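Model, not experiment: these values are computed from the prediction. Position 1 is the first residue of the sequence, and the numbers go up from there.
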Amino acid sequence: MKSLVTKYPWPLSLLLLLLLPLKLQGDYWDLYEYEIDPEVRDSLRELYSTGPTKPPTKERIKEKILADPDRPLYGDNYCNSEIMSRNIHYRRVCYPEHYFVAESYSYLQKTCYGKRVRCKHRATFCRRSMELVKGIQCTLVAGEKIPECLYESNFVTGYAVVTCQWDSDSEEFIPNNVVNILVPK
């Protein structure tokens with residue numbers, strides 16, 4: 001009587017192929033990554049990475065969420081220019097909605113200790129600011145990938161709704177994202 005291995009040799013060879021380590025294919029740019037500007041290198045790493053996103057930092061929040069204090073809060077092209085200049089996207093895909101808040105970082109951090117409110121867009125834990133803030137709601141009207149993204153700018157005054165994350169290093173909550181601006185009725 002023949003054994004299954006000698007009778008059907010192809011399952012064994014498939015099993016051996018599955019056990020072999022996978023080799024990556026393609027061109028590697030990391031050989032040259034230390035010859036380019038560190039900011040460009042970090043942007044490329046973030047753009048092409050498949051791992052978890054970077055944890056929120058004070059600098060990232062200031063860059064991505066806080067409105068420029070030197071720029072007036074008006075104009076139809078506000079969102080388009082700010083989103084493109086600050087490079088706000090998720091792996092080159094346009095965000096359907098983004099908010100800028102015209103407040104200081106310390107005020108936004110105090111919001112993490114504000115009133116708990118219901119979130120939108122699958123966020124699980126949101127806090128609302130205690131006072132009204134001025135902000136800009138950027139809503140995607142055309143395009144799917146950068147640089148074709150076109151946004152409509154809506155200037156609103158309301159309560160900022162933020163998601164927060166605990167930072168073990170500083171032992172305090174860090175605002176992660178502004179998910180809504182609630183306009184009072």
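- The stretch residues 79-88 participates, sequence neighbours left out, in these salt bridge (charged side-chain N to carboxylate O under 4.0 Å, His left out) pairs: R71-E82, E82-R86.
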Which pairs of donor and acceptor atoms, one on a side chain in residues 135-149, lie under 3.5 Å apart (sequence neighbours left out)?
unit_1: Q137; atom_1: NE2; unit_2: E97; atom_2: OE2; d: 2.7
unit_1: Q137; atom_1: NE2; unit_2: Y99; atom_2: OH; d: 3.4

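- From L182, atom CG reaches atom OG1 of T157 across 13.0 Å, with rounding to the nearest 0.5 Å.
- Residues I181 and V161 form no side-chain contact, since every pair of their non-hydrogen atoms from C-beta on lies 4.5 Å or further apart.
- Here Y95 pairs with I88, Y90, Y151 under the side chain to side chain contact (heavy atoms under 4.5 Å, CB included) rule; sequence neighbours left out.
- The CE atom of M84 sits 13.0 Å away from the SG atom of C79 when rounded to the nearest 0.5 Å.
- Remark: the backbone N or O of Y107 is paired with a side-chain donor or acceptor of S104 at under 3.5 angstrom.
- In this structure, the separation between CD1 on I83 and OG on S153 is 8.0 Å, given to the nearest 0.5 Å.
- Evaluation of the side chain to side chain contact (heavy atoms under 4.5 Å, CB included) rule for R118 yields no partner, not counting sequence neighbours.
- In terms of the ring-ring contact (aromatic ring centres under 6.0 Å, His included) criterion, residue partners of F173 (sequence neighbours excluded) are, by chain and number, Y113, W166.
- Judged as a ring-ring contact (aromatic ring centres under 6.0 Å, His included), and not counting sequence neighbours, the contacts of F155 are Y78.
- Separation of atoms CG (D167) and SG (C112) is listed at 11.0 Å; rounding is to 0.5 Å.
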